[in-house]
Each structure stands twice: as C-alpha cells, then as structure tokens.
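Heads up: the structure comes next, in structure tokens.
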Amino acid sequence: MNSSRTPARDERLHGTHAAVIEWYRRASRDLPWRAPERTPWQVLVSEIMLQQTPVGRVLPVWRRWLEQWPEPGDLAAASPAEVLRAWDRLGYPRRALRLHAAAQNIAAEHDGRVPEDHAQLLALPGIGAYTAAAVAVFAFGQRHTVVDTNIRRVEARVFSGRALPSRSLTAAETRLAQDVLPQDIAESVAWNQAVMELGALICTARSPRCDECPVRRDCAWVAAGSPPAQETPRGQLWHGTDRQVRGAMMAVLRAADEPVRAQLLLTDLAGSEQIAGEHAAPPAVVIERLGALWRLPVPAEQRERALNGLLADGLATSDDGAVSLPG
DNA sequence: GACCCGTGGTG
DNA sequence: TCACCAAGGGT
C-alpha cells in the first residue's frame with residue numbers, strides 16, 4: 001500500500017480505526033485474560049496457549065493452569081511431567097516445556113515478574129515476534145505492531161484488496177501493519193485488540209461475514225468484488241505422519257502413572273498380543289491409549305523415529321527400556 | 001523460506 | 001466426508 005501520508009488518506013484511516021474500535025466495544029468476546037484485573041502472567045500464559053489453538057479449547061486449561069500456578073515462580077517449581085499433564089490435549093506440547101522454561105527464566109532473572117521490555121520478552125523461550133508484542137501491548141499497554149494471522153488477513157483484505165495473506169509473513173505485511181498502527185498509544189492498543197478480534201469473529205478465513213463488518217465500505221477486497229484467493233494453502237498433513245504417532249504416544253504417557261515399556265510403544269496391533277502376555281496389564285486408560293497407538297497404520301521404523309523425536313525434544317525420558325514423561 | 005511440531009472443531 | 005483451520009516458534 002502507498003505509505004505516503006496525505007490528509008485524505010489519514011482521515012480515511014482514522015475513520016477505519018474508529019469504526020473497528022467502536023465495533024470491538026460493542027461485539028468483542030468477554031475473555032478472562034482481557035479482564036481489568038488480569039495480570040501480565042495471565043496474559044502471557046494465554047498467549048502461549050493460543051498459539052495455533054482455538055479459544056474454546058484454551059479456556060478450561062488456562063483456568064486450571066493459573067489456579068495451580070498463579071505466579072511464574074509457582075510454575076518454575078513444577079516438574080515437566082506435571083506441566084505436560086496439565087497441558088492436556090492443547091497440542092504442540094513443546095509449548096508447555098517452553099512456557100515452563102520461560103517461567104524458570106522469569107523466576108531466576110526477572111525477580112519472578114514478567115518483564116515489560118519487548119526485547120526481554122523476545123529473549124524468553126517460546127516467545128517470538130508476535131507473542132512479545134502481544135504481551136507488551138495487552139499486558140502493559142505499550143505501542144507495538146502486533147501481527148498475527150487475524151491481523152494479517154484483515155489488513156490484506158481491507159488495505160491490499162487480497163482475499164488472503166501470503167503463506168508466510170512478509171516484510172511488506174509487517175510494514176503495512178506498522179503504517180496503519182495509530183500513533184496514539186491508547187488508540188494503538190485498542191486497534192491491535194480490535195483488528196485481531198474482527199479477524200476472529202467477522203473477517204474469518206473461510207466465510208467472512210461481510211454484512212456485519214464495520215469497515216465493509218472501506219474494504220479494498222469488497223470494493224474489488226471479493227475475488228477468490230489465487231493459491232490455496234497446502235493442507236497440513238496428518239494421517240500417517242510422525243506427528244500423529246508422537247501425539248498418540250504422548251497420550252499414552254500422559255495417562256500412565258508408571259513408566260511404559262518402550263516395546264509397548266513401538267509395537268503394532270499385530271504384535272500387541274504376544275507383547276501383552278509379557279507384561280503386567282497397565283490400567284484401562286493406558287490400554288485404551290495404547291490401542292489407539294497400535295492401530296495406527298504406520299511402519300515400525302516410523303514408530304521408532306517418533307519415539308526418538310519425543311526423547312530428543314525432552315518430551316519423554318527413557319530409563320532401562322521404560323519410557324515416561326520427564327522429571 | 002521451507003519444514004516440523006498436536007489436536008479437534010467445522011463448512 | 002474430509003480438507004481446512006486455529007492469538008506461532010524454532011531450526
């Protein structure tokens with residue numbers, strides 16, 4: 001987009017700001033990490049959990065998590081196994097380990113308080129450009145450019161006239177987000193929050209509800225006749241992937257109170273009968289998870305690769321041929 | 001940039 | 001049904 005500032009452009013942009021922020025006041029969701037009494041730690045935990053994970057699935061886990069570990073120091077003192085079990089099925093369990101590591105860093109290096117400084121936030125494990133900006137903005141009220149998938153999509157449509165943003169974040173998108181960010185600090189905070197919410201509720205990826213959009217008259221994409229996306233994103237593979245196997249193994253380990261023989265994790269449905277005879281029967285829940293793992297139609301070597309991946313990532317430990325959650 | 005990393009709801 | 005999608009980060 002043309003970044004030159006003209007009175008006409010500034011006035012129109014101001015109108016867009018006002019319309020989106022007003023819509024937010026009227027239509028935004030009432031989420032606990034937005035409550036006036038929220039703490040920076042609560043915001044940070046929410047941002048990590050919300051990475052690639054829908055709000056509805058995060059809510060119950062977030063509540064339990066902060067009840068159990070109300071301050072960074074509380075989480076820092078927990079074991080990785082406790083942390084991974086509390087993470088439950090949010091997905092991408094590496095995020096849980098990184099949040100744990102971040103809490104330990106905060107406890108050791110920042111006197112147990114979430115740092116306000118953007119660069120210090122960025123230095124924490126599991127916190128990248130988006131999350132550092134989001135915490136600085138939503139927890140501390142600073143002026144930073146927040147660029148998440150919602151904001152990218154809204155700005156691609158409204159300002160660039162494109163149906164969808166590019167596959168990966170480009171420098172041009174970041175520049176655009178910086179260009180359209182209000183100068184006033186309080187307004188910039190409101191804008192970041194409001195645009196993200198607009199993308200989540202109205203300007204959605206699949207079937208946007210343009211008839212409810214507060215800026216449909218300012219939208220370059222609508223003005224162009226809402227042309228369809230040029231390239232469809234290649235879908236995330238799942239069936240038959242390492243990720244599927246790793247996920248099934250983690251489900252077993254989360255359910256197991258005691259270490260699980262590696263043999264039980266590496267066999268398939270065909271091999272399970274003879275294996276089962278050689279071991280004491282695990283609890284029913286573990287058997288159920290094992291059954292799901294055994295049923296996956298993947299070769300033995302893939303099961304080994306998946307387990308080695310879990311061990312390498314610190315999501316599991318192995319002792320004398322028995323596997324369990326770490327620590 | 002490309003690729004890897006979970007999980008489950010949904011159009 | 002099934003591919004798409006979700007407040008990304010690290011390598």
Side-chain angles (χ1 to χ4, degrees), chain A residues 28-29 31-34 42-62 84 87-99 101-102 121-139 144-154 164-171 173-174 177 192-201 203-209 229 231-254 289 292-293 296 305-306 308-310 312-316:
Chain A
S28 63
R29 294 166 292 181
L31 299 172
W33 45 84
R34 292 174 178 166
Q42 291 172 343
V43 172
L44 193 162
V45 171
S46 79
E47 291 300 342
I48 301 290
M49 290 184 173
L50 288 165
Q51 292 170 3
Q52 301 285 284
T53 306
V55 166
R57 203 176 318 156
V58 165
L59 272 169
V61 181
W62 182 87
L84 288 168
W87 194 257
D88 197 36
R89 292 178 295 180
L90 281 186
Y92 292 140
R94 296 192 294 189
R95 290 183 295 163
L97 294 185
R98 295 202 180 111
L99 177 56
L121 287 165
L122 195 55
L124 294 171
I127 296 192
Y130 162 75
T131 307
V135 173
V137 170
F138 303 138
H144 288 281
T145 306
V146 177
V147 185
D148 81 318
T149 187
N150 291 306
I151 291 180
R152 291 180 63 207
R153 188 175 53 252
V154 173
L164 292 173
S166 48
R167 282 200 179 97
S168 54
L169 178 64
T170 64
E173 286 180 75
T174 302
N192 279 322
Q193 186 74 84
V195 177
M196 198 179 305
E197 188 78 341
L198 187 67
L201 297 184
C203 194
T204 55
R206 250 176 294 182
S207 23
R209 309 159 72 167
E231 41 182 345
T232 55
R234 53 183 174 290
Q236 314 166 3
L237 297 176
W238 174 246
H239 293 286
T241 62
D242 286 10
R243 267 154 59 170
Q244 186 184 27
V245 181
R246 288 167 58 118
M249 287 179 174
M250 287 298 290
V252 172
L253 297 179
R254 279 196 306 267
R289 303 284 191 276
L293 174 60
L296 295 179
R305 177 151 34 91
N308 287 335
L310 293 182
D313 287 351
L315 290 163

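We name chains A, B, ... by the order of the sequence lines, and we start the count at 1 in each one.
In this model, no side-chain donor or acceptor of A/Gln193 finds a partner on the base of C/dA7 within 3.5 Å.
A/Arg29 comes within 4.0 angstrom of a nucleotide base, judged by non-hydrogen atoms across all strands. Contact annotation for A/Arg206: base contact, defined as any heavy-atom pair under 4.0 Å involving a base atom. If you check every strand for non-hydrogen atoms under 4.0 Å, A/Trp87 touches nothing. If you check every strand for non-hydrogen atoms under 4.0 Å, A/Gly91 touches a base. Residue contacts shown for A/Arg209 are absent, as no nucleic acid heavy atom lies under 4.0 Å away. Heavy atoms of A/Thr241 sit nowhere under 4.0 angstrom from any nucleic acid atom. The residue A/Gln244 sits apart from the nucleic acid: no heavy atom pair falls under 4.0 Å. Contact annotation for A/Leu90: base contact, defined as any heavy-atom pair under 4.0 Å involving a base atom. Among the atoms of the strands shown, none is found under 4.0 Å from any heavy atom of A/Asp313. A/Ala134 comes within contact range of no nucleotide atom at all, as no heavy-atom separation falls under 4.0 Å. At a threshold of 4.0 angstrom between heavy atoms, the contacts of A/Leu31 include nucleobase atoms, whether or not backbone atoms are also involved.
Near DNA chain B, meaning a heavy atom under 4.0 Å from it, residues 50-62 of chain A has A/Gln52, A/Thr53, A/Arg57 in order of number.
Taking atom C1' in both C/dA7 and B/dA2, one finds a spacing of 23 Å when rounded to whole Å. C/dT11 and B/dG6 have their P atoms separated by 14 Å, given to the nearest Å. Here, C/dC4 and B/dC3 have their P atoms 16 Å apart, quoted to the whole Å.
Using a 4.5 Å heavy-atom threshold, the side chains of A/Leu253 and A/Leu84 count as separate. With a 4.5 Å cut-off on side-chain heavy atoms, A/Leu44 and A/Leu99 count as touching. In this structure the side chain of A/Tyr92 reaches within 4.5 angstrom of the side chain of A/Arg243, judged on heavy atoms.
Listed nucleotides: C/dA7, B/dG1, B/dC4. Nearest to the side chain of A/Ser168: B/dG1. Checked against B/dG6, B/dG8, B/dG1, the side chain of A/Arg89 finds its nearest nucleotide in B/dG8. If you check C/dG10, C/dC5, B/dC5 against the side chain of A/Ala205, the one that comes closest is C/dC5. Among B/dG8, C/dG9, C/dG10, the nucleotide with an atom closest to any side-chain atom of A/Thr131 is C/dG9. Among the nucleotides B/dG6, B/dG11, C/dC5, the one closest to any side-chain atom of A/Arg246 is B/dG6. Closest to the A/Trp238 side chain, of the nucleotides C/dA7, B/dG6, C/dA6, is B/dG6.
A/Asn150 and A/Arg153 form a side-chain donor-acceptor contact under 3.5 Å, judged by distance and modelled atom types alone. Side-chain contact, A/Arg246 with A/Thr241: no donor N or O sits under 3.5 Å from an acceptor N or O. With 3.5 Å as the limit, one finds a donor-acceptor pair spanning the side chains of A/Tyr130 and A/Glu47.
The distance between atom CD of A/Glu47 and atom C1' of C/dA6, rounded to the nearest whole Å, is 14 Å. When the C1' atom of C/dG10 is taken as reference, atom OH of A/Tyr92 falls 12 Å away, rounded to whole Å. Rounded to a whole Å, the CH2 atom of A/Trp33 is 11 Å from the P atom of C/dA7. Counting to the nearest Å, the P atom of C/dA7 and the CD1 atom of A/Ile127 are 19 Å from each other. Atom CG in A/Leu237 sits roughly 14 Å away from atom C1' in B/dG6 (whole-Å rounding). Rounded to whole angstrom, the span from the CG atom of A/Leu201 across to the C1' atom of C/dA6 amounts to 13 Å. For A/Asn150 and C/dA6, the CG to P distance is 7 Å, given to the nearest whole Å. As rounded to whole Å, 16 Å separates atom P of B/dG6 from atom NE2 of A/His239.
The environment of CZ in A/Arg209 is sparse: at most 12 heavy-atom neighbours from other residues, nucleotides or ligands sit within 6.0 Å.
In terms of position along DNA chain B, the nucleotide closest to A/Leu169 lies nearer the 5' end than the nucleotide closest to the other residue of the pair A/Leu169 and A/Arg254. Taking the nucleotide of DNA chain C with the nearest heavy atom to each of A/Leu164 and A/Leu122, the more 5' of the two is matched to A/Leu164.
Within the model, atoms SG of A/Cys203 and CG of A/Leu201 stand 11.0 Å from one another, a figure rounded to the nearest 0.5 Å. A distance of 4.5 Å separates CG in A/Leu315 from CE in A/Met250, rounded to the nearest 0.5 Å.
Residue A/Arg98 places no side-chain N or O under 4.0 Å from the OP1 or OP2 atom of C/dG8.
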Go through it in stages, so that I can follow the logic: the residues are A/Arg34 and A/Ser46, the test is side chain to side chain donor-acceptor pair (under 3.5 Å), and I'd like the CA-CA distance, side-chain angles, deciding distance and then a yes or no. CA-CA 10 Å; A/Arg34 292 174 178 166; A/Ser46 79; over 6 Å; no
